[in-house]
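Order of listing sets the numbers, starting from 1, for every ligand and every atom in it. In what follows, every heavy atom counts, from backbone to side chain, and hydrogens, waters and symmetry copies are set aside.
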Amino acid sequence: MEIMENKGSNYQVADISLASKGRMKIDWAESRMPVMMSLREEHSKLQSLNGMRIAGCLHVTKETAVLVETIRAAGGDVSWSGCNPLSTQDDVAAALAAKGASIYAWHGMSVEEFYWAIDKTLEFKPTLTLDDSADLIFSVHNRHPELAATIIGGTEETTTGVHRLRAMARDGALKYPVIAVNDTETKWDFDNVFGTGQSSIDGILRATSVLMAGKNFVVAGYGHCGSGCALRASGLGAHVIATEVKPTAALKAVLNGYQIMKMDDAAAIGDIFITATGMKDVIVGRHFDVMRDGAIVCNTGHYDCEINLADLQQRTESVREIRSNCEEYTLKDGRRIYVLAKGRLVNLAAAEGHPSEVMDMSFANQFLSLVRLAREGKDLEVTVHDIPEDQDQIIAGIKLGTMGMALDELTAEQIAYQDDYSAGT
Ligand code: RBV
């Protein structure tokens, strides 16, 4: 591999001259992220991350830029890479680099370049790591284990990453404490549901411009992310079919008014398919064999393994990019199947990722977790930790306040009543 390395500088981006365009995007995101901006004000006075070196591996978007610049304002030093080869917004990366942030990310990196960038961020020997899907933590553990001794702790943004890190902790393989940013109300009930729901539909529409109304919209996986996609697709008039392996999740889908089917059956009637499972091989050859001519297939899970593109390729006569982020596979039997964003996260590759307003809360959780690790990480047990419940309420409270919404407060009598087990009917 040959990377035309930007020698002598602390960044590698596609085109630094895009910086002013990226700066406007970041300004826009800041205007929609009041929780982050209030944390920035508070912690730039406190310098809570002073002396911390934070390696980050998370989609380089305008929202992430607000997080990066909040970390820097709080005294932290950063070195950053993207966590997906297709999610970097090149203008945003340029704007961050132009302000002196150390960043290694560009849209369309190869897998080799992706790991090269992670290794570059590890060169400054971080004290904290910040992940979205754990590729950075895995790189420390698998390829640079000597760095773990000086790492105080890490954070993890997403469901897939938390799942694997919990498995590592169970096996005793984890070398430093990690905070599960994903596993908290102000993350999964908002980012995962409303963020994924809106941005995935946004990606599908930008890539295809199809009419959603009247379509059979098949969502694989009815977890937080899948339920958000179902909600928004049905709001646009699509007929939603969900596929599941977990009975309670399937039951939720049914009681929300959707149909549950096996993928084997849904494959034959779906017009648009989206995978949101975190599992590999959800759509495979036998499904492509029965799909309708014109079916659209995409994924919103973190890794690109949910749709088996090798199986599709085997059945294919020719492929062309018919629109940006939309590839037309003409099969040997003449049917056409459209794959969006090469089976990678459609919301980040074909659109701009989750809207700023929800990332405001997710990244507030990220930021406060870094502050917690900086303060008490050395005393934390080496395992995966949840976010304290009061952090959720604080973040949601600030968010509501900035939206101009007021809350009731319990009176002293009501608080006493809550716990009163002598009272009954
Ligand atoms: N995600 N980030 C963005 N606009 O920066 N959009 C989505 C953004 C995160 C989200 O928190 C999710 O958990 C993760 O991407 C999946 O990789």
Side-chain angles (χ1 to χ4, degrees), residues 22 25-26 28-30 32-33 35-36 56-71 80-93 95-96 103 105 107 114 130-137 155-165 179-203 206 221 223-226 228-229 274-278 299-306 341 343-367 369 387 395:
K25 283 194 181 166
I26 299 170
W28 171 258
E30 283 184 356
R32 322 263 124 195
M33 300 179 78
V35 181
M36 287 303 286
C57 179
L58 198 152
H59 309 294
V60 179
T61 63
K62 58 191 186 304
E63 292 75 25
T64 300
V66 175
L67 171 64
V68 167
E69 295 191 336
T70 303
I71 294 172
W80 212 268
S81 71
C83 67
N84 188 282
L86 294 186
S87 65
T88 296
Q89 297 167 6
D90 285 329
D91 46 7
V92 171
L96 285 171
I103 173 155
H107 186 90
F114 176 85
L130 181 153
D131 256 287
D132 180 332
S133 256
D135 279 324
L136 177 60
I137 294 187
T155 61
E156 170 52 52
E157 170 82 3
T158 205
T159 320
T160 303
V162 168
H163 200 89
R164 302 214 168 148
L165 290 167
I179 298 182
V181 172
N182 184 73
D183 291 4
T184 191
E185 248 183 301
T186 44
K187 165 64 165 78
W188 65 17
D189 279 353
F190 299 92
D191 170 314
N192 299 23
V193 179
F194 300 102
T196 310
Q198 182 169 322
S199 62
S200 301
I201 302 294
D202 187 7
R206 289 192 205 197
H224 288 98
C225 297
C229 295
I274 186 162
T275 51
T277 66
N299 162 55
T300 195
H302 188 84
Y303 290 114
D304 62 344
C305 58
E306 304 203 19
R344 292 197 181 273
L345 291 155
V346 70
N347 59 336
L348 280 136
E352 291 172 63
H354 300 1
S356 309
E357 289 88 340
V358 283
M359 294 316 294
D360 195 21
M361 293 190 287
S362 308
F363 287 164
N365 279 308
Q366 276 286 4
F367 179 78
S369 299
I387 281 180
I395 290 175

- Item | Residues forming a salt bridge (Lys or Arg N to Asp or Glu O under 4.0 Å) with Arg206, sequence neighbours excluded |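 Salt bridge (Lys or Arg N to Asp or Glu O under 4.0 Å) list for Arg206, sorted by chain: Asp202, Glu352.
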- Message: Using the ring-ring contact (aromatic ring centres under 6.0 Å, His included) criterion, which residues pair with Phe367? Sequence neighbours excluded.
- Response: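 Scan of Phe367 (ring-ring contact (aromatic ring centres under 6.0 Å, His included), adjacent residues dropped) gives His43.
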- Query: Does a side chain donor of either Thr61 or Gln89 reach within less than 3.5 Å of an acceptor in the other side chain?
  - Reply: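 On atom types as modelled, these side chains do not qualify, holding no pair under 3.5 Å.
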- Take atom CD of Glu69 as the centre, draw a 6.0 Å sphere, and report whether it contains more than 12 heavy atoms from other residues, nucleotides or ligands.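 Yes, CD of Glu69 has more than 12 neighbouring heavy atoms, counting only those of other groups under 6.0 Å.
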- Message: Can you classify the ring geometry of His302 versus His59 as parallel (below 30°), tilted (30 to 60°) or perpendicular (above 60°)?
- Response: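 The arrangement is tilted - the two ring planes meet at 30° to 60°.
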Report all N/O contacts between ligand 1 and the protein shorter than 3.5 Å as a table of atom names and distances to 0.1 Å; if there are none, say 'none'.
{"residue": "ligand 1", "atom": "4 (N)", "partner": "Glu63", "partner atom": "OE1", "Å": "2.9"}
{"residue": "ligand 1", "atom": "4 (N)", "partner": "His354", "partner atom": "N", "Å": "3.4"}
{"residue": "ligand 1", "atom": "4 (N)", "partner": "His354", "partner atom": "O", "Å": "3.1"}
{"residue": "ligand 1", "atom": "5 (O)", "partner": "Thr61", "partner atom": "OG1", "Å": "2.6"}
{"residue": "ligand 1", "atom": "6 (N)", "partner": "His354", "partner atom": "N", "Å": "2.9"}
{"residue": "ligand 1", "atom": "11 (O)", "partner": "Glu157", "partner atom": "OE2", "Å": "2.5"}
{"residue": "ligand 1", "atom": "11 (O)", "partner": "Asp191", "partner atom": "OD1", "Å": "3.4"}
{"residue": "ligand 1", "atom": "11 (O)", "partner": "Asp191", "partner atom": "OD2", "Å": "2.6"}
{"residue": "ligand 1", "atom": "13 (O)", "partner": "Thr158", "partner atom": "OG1", "Å": "2.8"}
{"residue": "ligand 1", "atom": "13 (O)", "partner": "Lys187", "partner atom": "NZ", "Å": "2.9"}
{"residue": "ligand 1", "atom": "15 (O)", "partner": "His59", "partner atom": "NE2", "Å": "3.2"}
{"residue": "ligand 1", "atom": "15 (O)", "partner": "Asp132", "partner atom": "OD2", "Å": "3.1"}
{"residue": "ligand 1", "atom": "17 (O)", "partner": "His59", "partner atom": "NE2", "Å": "2.8"}
{"residue": "ligand 1", "atom": "17 (O)", "partner": "Asp132", "partner atom": "OD1", "Å": "2.9"}
{"residue": "ligand 1", "atom": "17 (O)", "partner": "Asp132", "partner atom": "OD2", "Å": "3.2"}
{"residue": "ligand 1", "atom": "17 (O)", "partner": "His302", "partner atom": "ND1", "Å": "2.9"}

- If a pair satisfies salt bridge (charged side-chain N to carboxylate O under 4.0 Å, His left out) and one of its residues is in residues 188-199, list it, with sequence neighbours excluded.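 Non-adjacent pairs meeting salt bridge (charged side-chain N to carboxylate O under 4.0 Å, His left out): Lys187-Asp191.
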